[in-house]
Number of protein chains: 2
Amino acid sequence: MARPRTFDEERALDAAMHAFWVNGYEATSTQDLCEATGLGRSSIYNTFSSKHDLFRRALARYMETMNAAQIEILEDVERTGIERVRALLARIIEGEFEHREDGHSIGCLTVNTTVELAARDPEAAAMLERDLATRLTMLRTAIRSGQRDGDITAERDAQTLARYVNAVIGGMRISAQGGADRATLEAIADTALDALAAR
Amino acid sequence: MARPRTFDEERALDAAMHAFWVNGYEATSTQDLCEATGLGRSSIYNTFSSKHDLFRRALARYMETMNAAQIEILEDVERTGIERVRALLARIIEGEFEHREDGHSIGCLTVNTTVELAARDPEAAAMLERDLATRLTMLRTAIRSGQRDGDITAERDAQTLARYVNAVIGGMRISAQGGADRATLEAIADTALDALAAR
DNA sequence: CTTGTTTTGTACTGACCTATCTAAAATGAT
DNA sequence: ATCATTTTAGATAGGTCAGTACAAAACAAG
């Protein structure tokens, strides 16, 4: 019994997420967010109560969609453990070339947020910590599966290997943002997998 | 035949560099820079003509000091190739624990700048590109030395391995900023070296 | 001690920042 | 059609931003 919204909240959230993803938190003004979402200031502040709140929701949404895509790869029972990790790295390279702006990779919002905000925004830090934990769990599962099958080395425990793969992913994203081309990223991924292979 | 400066330009530059390093470019205001350096606005604008210019000089200084320290490790003829790379990774871990603020690692200014500015600041991007090239050259040299001695795998070319090590370093710095402790970083480094080892 | 030059502190400028306020517009329920 | 409620647009507020203007202070050279 009141005026209905003329916009889709999730579409607006996606647009805001993209804006933060491309330019970072500080460099994205509320004016930028209005233009990115197509909403007026009132609508934004009415729906998401502040810039910081909107960022939190955008980050949460990014984590959800990203992890949903990665869990499918890492729990794919059709593949062996190491093949799942290889597929994950391939997916990440693909993502770096899907999400570009002016010929540059925009990287990964969680990595970008770790760099920009983790030290001075406890809420963002807590979200990143939880997200890291779930990603490590997914990785550990795939890695343990590979260790059981014998194609991933059993000389290091799954948690260590998971943290290593996670770090390599972060490094690949930085490399992509630094201008690395596809062949370079693929070579990094291939080399990184050498450390996982059973020998 | 005029009033002399009462401050040391290089000390001021170091202080500014540290401020940018901790908080990033956008989140460091000119007021912050005054407080960090102890200079007044006039002195800052008189010496460094703008915030952006000061940032450029701070970044250049960071790159110089960082690369000077790393070249010593990577060209240490007392060590084999792989030991040099191992020493480099150990040095980087050490650095992550030397440079902290409120219990958080402040990471690496070049990585932070790649994330925050590379896409929209062509000058910073050019500096980062040159810096990457010199770091890859240093790494390649050490890696080639290890390949000649037989302790680094010859199955991948030195350039690929250099890019891999560089990516791992970036990933370790992200991990550190994300809260990884020393043992975790050391385990990542050890695992990463498995991909370099001749087998 | 005067003159010329540079540095320095402080006040200021105009733009942009996040966020709010106000009132008109829109719509479902009665 | 009227009412209650919400969304929306636009103006506004108060603060902070990078950068400048200006005059006082500090010093070296003569």
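Letters A, B, ... are given to chains in the order of the sequence lines, protein chains preceding strands, and every chain is numbered from 1.
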Between [X] ([atom1]) and [N] ([atom2]), how many Å, whole number?
| X | N | atom1 | atom2 | value |
| --- | --- | --- | --- | --- |
| A:Ile44 | C:dC17 | CD1 | P | 13 Å |
| B:Glu9 | C:dT7 | CD | P | 10 Å |
| B:Phe7 | D:dA25 | CZ | P | 20 Å |
| B:Arg5 | C:dG9 | CZ | P | 13 Å |
| B:Lys51 | C:dA15 | NZ | P | 19 Å |
| B:Asp8 | C:dT7 | CG | C1' | 16 Å |
| A:Leu54 | C:dA19 | CG | P | 10 Å |
| A:His52 | C:dC17 | NE2 | C1' | 16 Å |

*Count the heavy atoms of every other residue, nucleotide or ligand shown that sit under 6.0 Å from CD of A:Glu10, and state whether that count exceeds 12.*
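No, the 6.0 Å shell around CD holds no more than 12 heavy atoms from other groups.
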*asked:* Would you say that more than 12 heavy atoms from the other residues, nucleotides or ligands in this model lie under 6.0 Å from the CD of B:Glu9, or not?
replied: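 Yes - once you tally the heavy atoms of other residues, nucleotides and ligands closer than 6.0 Å, there are more than 12.
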Can you see if the side chain of [X] gets near the phosphate of [N] - specifically, an N or O under 4.0 Å from OP1 or OP2?
| X | N | answer |
| --- | --- | --- |
| B:Thr6 | C:dT7 | no |
| B:Ser42 | C:dG9 | no |
| B:Ser29 | D:dC17 | yes |
| B:Ser43 | C:dT8 | yes |

*asked:* Assess, by modelled atom type and distance only, whether the side chains of A:Arg140 and A:Thr137 contain a donor and an acceptor separated by less than 3.5 Å.
replied: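 There is such a pair between these side chains.
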*Can a donor-acceptor pair be found between the side chains of A:Asn23 and A:Asp32 at a distance below 3.5 Å?*
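Their side chains do not contain a donor-acceptor pair, so the 3.5 Å distance test is not met.
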*Let me see the working for B:Thr110 and B:Asp131 under side-chain hydrogen bond (donor to acceptor under 3.5 Å, both in side chains), right down to the final yes or no.*
CA-CA 9 Å; B:Thr110 62; B:Asp131 182 65; 4.6 Å; no
_Residue whose closest nucleotide on DNA chain C lies nearer the 5' end, B:Arg41 versus B:Arg3_ =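 Residue closer to the 5' terminus by nearest nucleotide: B:Arg3.
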*Could you check whether B:Phe48 gets within reach of a base, just the sugar-phosphate, or nothing at all, counting any heavy atom under 4.0 Å?*
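Result for B:Phe48 = nothing.
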*Which residue lies toward the 5' end of DNA chain D, B:Pro4 or B:Ser49, if each is placed at its nearest nucleotide?*
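Residue closer to the 5' terminus by nearest nucleotide: B:Ser49.
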*Assign each of B:Ala2 and B:Thr28 to its nearest nucleotide of DNA chain D by heavy atoms, then name whichever residue's nucleotide is nearer the 5' end.*
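Of the two residues, B:Thr28 wins.
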